[in-house]
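In what follows, a structure is listed as structure tokens, so that the remarks can point back to it.
These numbers come from the heavy atoms of this one structure, side chains and all, not from hydrogens, waters or symmetry mates. Predicted model only: the values in this text are computed from it and were never measured. To find a chain, count down the sequence lines: A is the first, B the second, and so on, and within it residues start at 1.
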Amino acid sequence: DAKTTQPPSMDCAEGRAANLPCNHSTISGNEYVYWYRQIHSQGPQYIIHGLKNNETNEMASLIITEDRKSSTLILPHATLRDTAVYYCIVRGRNAGNMLTFGGGTRLMVKP
Amino acid sequence: DGGITQSPKYLFRKEGQNVTLSCEQNLNHDAMYWYRQDPGQGLRLIYYSQIVNDFQKGDIAEGYSVSREKKESFPLTVTSAQKNPTAFYLCASSIAGYSYNEQFFGPGTRLTVL
């Protein structure tokens, strides 16, 4: 699996967009980008995933660069409840179900 | 409600004792997983099971054991051979298969060995 690099922490003002970057420069052609988040002392929660096109759902948007070497998770209107650790994971679609979680980005949404 | 339950939420044990953590799911998922999380760290895979009566070691299986006698249940035993058992333990489940499927996580059990 391609390795991912995320900033260890970020701050965001409540109501503003939170843009969380992830570098995955060694990603291969069949590998997807997944995002999970973990609120303190809870289990991780799936957010979104994508291959090369931008994706949007009710929680977030995922923007993947054209060369696929990096991506950005966007929370359009961050709330205090979005304070969590966000994990970017790269995984092959046919590589089984195992996930490898790195350190993630600790997002702090401030009033 | 469909979901994954783990019990208890907090567990204390004396050093040298085996302890079993419970994980139950009613999502009709074939695959189940156990992860360990240490403070400030990501999750590490301990064991996983794609089907009843079958399971495989993950990255850090030493000192742990599992069983999968029922589809709904995947208990994890932390044995006395595990050198640093104090951690947050998370169970997850998903649809099985070689293609990736979203994993659903339980609330976790925080184990403290005194």
Side-chain angles (χ1 to χ4, degrees), chain A residues 1-10 20 22 24 27-51 55 57-60 62 83-108, chain B residues 3-7 9-10 21 23-25 27 29-51 54-61 74 87-112:
Chain A
D1 294 336
K3 182 180 176 181
T4 61
T5 304
Q6 298 177 254
S9 64
M10 291 181 64
L20 293 99
C22 180
H24 32 79
I27 193 170
S28 62
N30 66 348
E31 289 184 315
Y32 282 67
V33 180
Y34 300 91
W35 284 84
Y36 276 73
R37 75 178 181 184
Q38 185 176 22
I39 296 170
H40 183 63
S41 294
Q42 297 183 21
Q45 174 191 24
Y46 166 83
I47 302 173
I48 199 167
H49 74 279
L51 181 63
E55 301 288 343
N57 63 21
E58 64 278 3
M59 289 182 68
L62 174 60
T83 293
V85 178
Y86 288 78
Y87 296 99
C88 170
I89 301 165
V90 172
R91 188 70 189 177
R93 186 73 179 177
N94 294 313
N97 294 346
M98 277 55 72
L99 297 175
T100 301
F101 288 79
T105 295
R106 185 171 300 276
L107 175 69
M108 179 73 72
Chain B
I4 302 176
T5 57
Q6 292 184 244
S7 60
K9 189 170 179 63
Y10 298 95
L21 280 58
C23 178
E24 304 278 334
Q25 55 96 1
L27 299 167
H29 286 164
D30 286 306
M32 297 186 74
Y33 315 82
W34 274 105
Y35 294 88
R36 170 185 171 133
Q37 187 173 36
D38 293 288
Q41 305 294 315
L43 281 67
R44 292 184 291 168
L45 183 65
I46 305 172
Y47 268 99
Y48 64 98
S49 168
Q50 300 275 32
I51 196 168
D54 187 42
F55 49 83
Q56 285 79 42
K57 294 181 179 180
D59 299 323
I60 55 165
F74 191 40
F88 188 45
Y89 290 89
L90 287 155
C91 179
S93 72
S94 74
I95 299 169
Y98 291 105
S99 298
Y100 169 79
N101 289 290
E102 175 187 347
Q103 291 191 15
F104 294 82
F105 285 82
T109 292
R110 192 167 297 279
L111 173 64
T112 301

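- Proximity to chain A (any heavy atom under 4.5 Å) is shown, for Gln6(B), by neither the backbone nor the side chain.
- From Phe105(B), atom CZ reaches atom OH of Tyr46(A) across 13.0 Å, with rounding to the nearest 0.5 Å.
- Taking CD1 of Ile48(A) as the start and CD of Glu102(B) as the end, the distance is 11.5 Å to the nearest 0.5 Å.
- Among residues two or more places apart in sequence or in another chain, the side chain to side chain contact (heavy atoms under 4.5 Å, CB included) test is passed with Asp38(B) by Arg36(B), Gln41(B), Arg44(B), Ala87(B).
- Annotation for Ile51(B): atom CD1 does not count as buried by contact number, only 12 or fewer foreign heavy atoms lying within 6.0 Å.
- The shortest non-hydrogen separation linking Gln38(A) to Leu43(B) is OE1-CD1, 3.9 Å.
- In this structure the side chain of Tyr36(A) reaches within 4.5 angstrom of the side chain of Gln103(B), judged on heavy atoms.
- The nearest pair of heavy atoms linking Arg110(B) to Ser41(A) is NH2-OG, 3.3 Å.
- Taking the side chain to side chain donor-acceptor pair (under 3.5 Å) definition, one finds that Asn57(A) meets it with nothing, sequence neighbours left out.
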